[in-house]
Amino acid sequence: MDFTDVSLTALRVLRAVADRGTFTAAAAALGYTQSAVSRQIAAIERAAGAELLERRRDGVRLTAAGRLVLRRAAVVLDEIDAAARELSGLPGQTGTVRLGWFPSAGAVLVPRALAALRATDPDLHVVGREGTTPALVRALRAGSVDLALLASAPPFRPPDTESPALVLTTLTERPLHVAVPAHHPLARGEFVDVADLRGQRWIAGSPSGEDRLMGVWPGLDERPEIAHTARDWLAKLQLVAAGCGLTTVPAALAPAAPEGVRVLPVRGGPQEQRRLLLARLPPEPPEPVSRLAAALRATALDLDTPAGPWGGPPVQAPSLAPEPRGGHRLHDLTLEEEEDHDQGQGGQDR
């Protein structure tokens, strides 16, 4: 088969596999059997005369040929979808932007940015999806999202090693906080001393692998007592409110904390900084994407400039210029990201 005869179905399957990271996850997303997905990938690889996917124990990743094909396929599929909308009488979506975010960004930043955008730019249509940081990076590479809000922790390395490098902008950089029950002795002050975190009961993340420690204060010099595990950040905070334990949270989640929870900074020991990144592929984005990016930057700046965590001066927002390559690493952020079953990032932030 000549590559010009490749079906749209095969192109959609390739994009889904690249987006989801495994044949199994792609099959579930598309409503196909895994064998059907495998057949489509085999067919498009025969037509291309090259492997488009590198099979690994933790899933798949695009080869150089796969990236080339997917870059072109994304344009074709988007145009076909636009034509289908016009033929069905639906309005075009030239002002549509696809945004991905990790869960804690969706709790405060995204709703506020979209509310502001509706007032200032009502013609801009935003389609959103929540995901883990590695899943969102895959979605960017696959052309499934235009912008993604990602989480990053020291030493702040790039989210992946693929080419071309993602364009990364730091929206905020703030210290990790701890959520404590309002009636807990640690809730009496305006901060928690890191030494007082020893011997506490914790509400952690997924019980699999290193993810089990997500939600526990990093660097504790003891084996933590895990009282409960939960994947959803709201469930974790409600468990805190019920007095079931402590959990870590990004500072940005403080406004969303339920009644009965105090979100406090931690003093003593190394600062546990966390960055919120806005990511996209090069080159310069279309104008609607730039408008959404500007709204997210403005909202992040508003959220990052109230009085400091201990009633001190305002927190200074970091530069909004794109970060140079070699400046970010993904890591367990806290409680905000669900378990990513279809990739092998281990203890990295999801």
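Residues: numbered from 1 along the sequence shown. Only heavy atoms go into these numbers, but all of them, side chains included; no hydrogens, no water, no symmetry mates.
Side-chain contact check for Leu99 versus Val127: every heavy-atom pair is 4.5 Å or farther apart. Counting heavy atoms from C-beta on, the side chains of Leu253 and Val263 never come closer than 4.5 Å. Between Arg112 and Pro255 there is a side-chain heavy-atom pair separated by less than 4.5 Å. The side-chain heavy atoms of Arg174 and Pro250, taken from C-beta on, include no pair separated by under 4.5 Å.
Salt bridge status for Glu190 with Arg262: present, with a side-chain N to carboxylate O gap under 4.0 Å. A salt bridge between Asp146 and Arg98 is present, with a side-chain N of the basic residue lying under 4.0 Å from a carboxylate O of the acidic one. Electrostatic pairing of Arg291 and Asp123 does not count as a salt bridge here, judged by no charged N lying under 4.0 Å from a carboxylate O. A salt bridge links Arg129 to Asp19: at least one charged side-chain nitrogen sits closer than 4.0 Å to a carboxylate oxygen. A salt bridge does not link Glu162 to Arg141: none of the charged side-chain nitrogens sits closer than 4.0 Å to a carboxylate oxygen.
The line from CG of Leu52 to CG of Leu68 is 9.5 Å long, rounded to the nearest 0.5 Å. Note that CG of Asp232 and CG of Leu234 are 5.5 Å apart. Values are rounded to the nearest 0.5 Å. For the atom pair OG1 of Thr247 and NZ of Lys236, the computed distance is 4.5 Å after rounding to the nearest 0.5 Å. Glu130 contributes atom CD, which lies 7.5 Å from atom CH2 of Trp101 (distance to the nearest 0.5 angstrom). Rounded to the nearest 0.5 angstrom, Arg118 CZ and Leu124 CG are separated by 11.5 Å. Note that the OG1 atom of Thr33 and the CZ atom of Arg39 stand 5.5 Å from one another [nearest 0.5 Å].
A donor-acceptor contact shorter than 3.5 Å is absent between the side chain of Thr170 and the backbone of Leu277. In terms of modelled atom types and a separation under 3.5 Å, the side chain of Thr63 and the main chain of Glu51 share a donor-acceptor contact. A donor-acceptor contact shorter than 3.5 Å is absent between the side chain of Ser152 and the backbone of Arg275. Formation of a donor-acceptor pair under 3.5 Å by the Glu54 side chain with backbone atoms of Arg61 is not found in this model. For the pair Gln40 (side chain) and Arg12 (backbone), a donor-acceptor distance under 3.5 Å is absent.
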### Task
Kindly determine whether Leu303 and Thr172 satisfy side-chain contact (heavy atoms from CB on, under 4.5 Å), including the steps that lead there.
CA-CA 9 Å; Leu303 290 171; Thr172 63; over 6 Å; no

### Query
What's the verdict on side-chain contact (heavy atoms from CB on, under 4.5 Å) for Leu264 and Leu186, showing C-alpha distance, side-chain angles and the deciding distance?
CA-CA 9 Å; Leu264 298 170; Leu186 294 181; 5.7 Å; no

### Candidate pair Leu53 and Arg55, rule side-chain contact (heavy atoms from CB on, under 4.5 Å), full reasoning
CA-CA 6 Å; Leu53 296 167; Arg55 281 74 167 172; 3.8 Å; yes

### Query
How far apart are the C-alpha atoms of Gln34 and Thr24, what are their side-chain angles, what is the distance that settles it, and do they pass the side-chain hydrogen bond (donor to acceptor under 3.5 Å, both in side chains) test?
CA-CA 6 Å; Gln34 185 171 335; Thr24 301; 2.9 Å; yes

#### Entry: Intermediate values then yes/no, side-chain contact (heavy atoms from CB on, under 4.5 Å), Val178 and Trp202
CA-CA 10 Å; Val178 65; Trp202 295 93; 4.1 Å; yes

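Nearest heavy atom pair, residue Leu296 against residue Leu171, reads O-CD1, 4.3 Å. Here the shortest heavy-atom pairing between Ala165 and Pro282 reads O-CD, 3.4 Å. Heavy-atom minimum distance, Leu176 versus Trp217: O-CH2, 3.6 Å. Contact detail for Glu222 and Leu197: the closest heavy-atom pair is OE2-O, 4.0 Å. Closest approach of Arg138 and Arg20 over heavy atoms only: NH2-O, 3.0 Å. When all heavy atoms are compared, the tightest approach of Leu166 to Pro159 is CD1-CG, 3.8 Å.
A continuous path of Ile, Leu, Val, Met, Phe, Trp and Tyr side chains, each step under 4.5 Å between heavy atoms, connects Leu8 with Leu14, placing both in one hydrophobic cluster. At a threshold of 4.5 Å between side-chain heavy atoms, the hydrophobic network of Ile, Leu, Val, Met, Phe, Trp and Tyr places Ile80 and Phe3 in one connected group. Note on Val76 and Leu62: same hydrophobic cluster, where clusters join Ile, Leu, Val, Met, Phe, Trp and Tyr whose side-chain heavy atoms are under 4.5 Å apart, directly or indirectly.
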